[in-house]
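A short write-up of the structure that comes next.
All heavy atoms count here, side chains included; hydrogens, waters and symmetry mates do not. Below, chain A is the first sequence line, B the second, and so on; all start at residue 1.
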There are 2 protein chains.
Amino acid sequence: MEWKDANGRALTDYPRPSVAVDVAVLTVHNDAVQALTVRHGDGMALPGTFLHPGETLADAAHRALGDKAGIGRVRIHQLRMFDDPDRDDRGWVVSMAHGATIPAAELPPNATVLPCDDPVVADLAFDHRHMVGLALADLRERYARRPDPDHLLGDSFTILELRRLYEIVFSRPLPKDSFRRHVIEGLVSTGETSSIGGGRPAETFRRCDLNELPRSAAALFTE
Amino acid sequence: MEWKDANGRALTDYPRPSVAVDVAVLTVHNDAVQALTVRHGDGMALPGTFLHPGETLADAAHRALGDKAGIGRVRIHQLRMFDDPDRDDRGWVVSMAHGATIPAAELPPNATVLPCDDPVVADLAFDHRHMVGLALADLRERYARRPDPDHLLGDSFTILELRRLYEIVFSRPLPKDSFRRHVIEGLVSTGETSSIGGGRPAETFRRCDLNELPRSAAALFTE
DNA sequence: CTAATAGTGTCTCTGAGACACTATTTG
DNA sequence: CAAATAGTGTCTCAGAGACACTATTAG
């Protein structure tokens, strides 16, 4: 027996919006946080698609990344739903904005990335520039809590590499000694060393199991 | 001319999910954070409805609160989308979870509220118990940043009233002197006093324009 | 007066940031 | 050796929490 609501209307009687997903894929490249964009009509937009039956939003987001940008599985998280009824002149389309992060080296060679503060990003289709802003804020919040949670660096890295990354993500210089003391307890030494610079080889670290950073780290990064 | 996607399908050719909204309305009552629930079949659920054409999600959420719980306009914010294709056995329904907060005194007299840790909340329909958990976490985060941002207290209040509220929200006793020093800079004195307790009258305060709490306040509340 | 609550002076101890020093490599 | 980078000892200062004291009301 078919379900009816309080007004006696079946579920299928209601007009329904198209549900889209868009993904702001961020990366760090050329000393800047950059966002992946794809061609869309005359301009650029974030990769996105419509939700298909049987899919979750994350499934659709992964499919969009594969189809429109040639990107495989990455961790994706919801940001928020953009739901202005007039946001898309093709019709009634609500879109869930998602964020993802990928090392620049894993991007397909033909990918277009733009610094988040690039004027072209401000000119993206729909409300996509707001999505980039949300994704960047979300990235910073997560990086303030854990050391490189999105694995922009590999499994192991030196503290200098980590600090350079954080200086880019938070757009500010970070003092080397304070930085070290703040992040070290979220890391565990590999026992190995790496000498990329000319001087004394640096210890390399992995993220440890409970790799939370102290609350004070957020203050160091953002104040 | 109608829009076609890369596969030559028009927007209207795609099967679309029903889009629902659900709202976890929290209040503080009987020394506990409680969630508003409404009857749903044999059990209880959060108030919710389907998104109508021309509406935003917030509009729909407000309509649901009015229709199902007799609640007028309150601030509502998105939590996240619940999108398991099988979450609703009536069909394909995705639902945006929302949070809202309302003073207990403004609830309609017949409203049912349940403490967030009540077993009945764990037994709510669909995934609604997760929504209550998200709403509570969100409430705490926002209360850690600003003094009573949801106006559970009135426009003016004493620091004791504020502290009692925070002790309930964060489920822990808070030292009166440290609490005062942490919150005072997010407040401005009204010049008036209030003597509800038997002793010396207490100064009353309003939230000030830039009413951010220091970062250390979050540590006091949550550590 | 006592009881009750409001508000504050102050002590101590932690810990963050700054600086400078030591350590280990290459050339 | 000098140069370069890694890592740490330590000083100082701010500030958080604890305690106790003063302040202001009711009865």
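For H182(B) and F221(B), the ring centers are positioned 6.0 Å apart or more. Residues F179(A) and Y166(A) bring their aromatic ring centres within 6.0 Å.
G99(B) and V23(B) make their closest contact through C-CG1, 4.5 Å (heavy atoms, listed as atom of the first residue, atom of the second, distance).
When the nucleotides dG7(C), dA18(D), dT24(D) are ranked by their closest atom to the side chain of K176(B), dG7(C) comes out on top. The side chain of L160(B) lies closest to dT5(C), out of dA18(C), dA6(D), dT5(C). For R200(A), counting side-chain heavy atoms from C-beta on, the closest listed nucleotide (dA23(C), dG7(C), dC19(D)) is dA23(C).
Salt bridge annotation for R146(A)-E212(A): present, with a cationic side-chain nitrogen under 4.0 angstrom from a carboxylate oxygen. Of the charged side-chain nitrogens involved, at least one lies within less than 4.0 Å of a carboxylate oxygen, so that R142(A) and D150(A) count as a salt-bridged pair.
The CD atom of E192(A) sits 17 Å away from the P atom of dA6(D) (whole-angstrom rounding). Rounded to a whole Å, the CG atom of L174(A) is 14 Å from the C1' atom of dA16(C). As rounded to whole Å, 14 Å separates atom C1' of dG15(D) from atom CG of D177(B).
For residues 178-188 of chain B, proximity to DNA chain C is found at R180(B), R181(B), defined as any non-hydrogen atom under 4.0 angstrom from a strand atom. The stretch residues 207-223 of chain B touches DNA chain D through S216(B), L220(B), each having a heavy atom within less than 4.0 Å of the strand.
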- Message: Checking F157(A) against F205(A) for the ring pair (Phe, Tyr, Trp, His ring centres under 6.0 Å) test, could you report, in this order, the C-alpha distance in whole Å, the side-chain angles of both residues, the deciding distance, and whether it holds?
- Response: CA-CA 6 Å; F157(A) 43 82; F205(A) 294 85; 7.6 Å; no
- Step by step, would you call D148(A) with R207(A) a salt bridge (charged side-chain N to carboxylate O under 4.0 Å, His left out)? CA-CA 8 Å; D148(A) 186 28; R207(A) 301 158 188 86; 2.6 Å; yes
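The main-chain N or O of T158(B) is found under 3.5 Å from a side-chain atom of E161(B) such that the two form a donor-acceptor pair.
Nucleic acid contact for I159(B): none, since no nucleic acid atom lies under 4.0 Å from a heavy atom of the residue.
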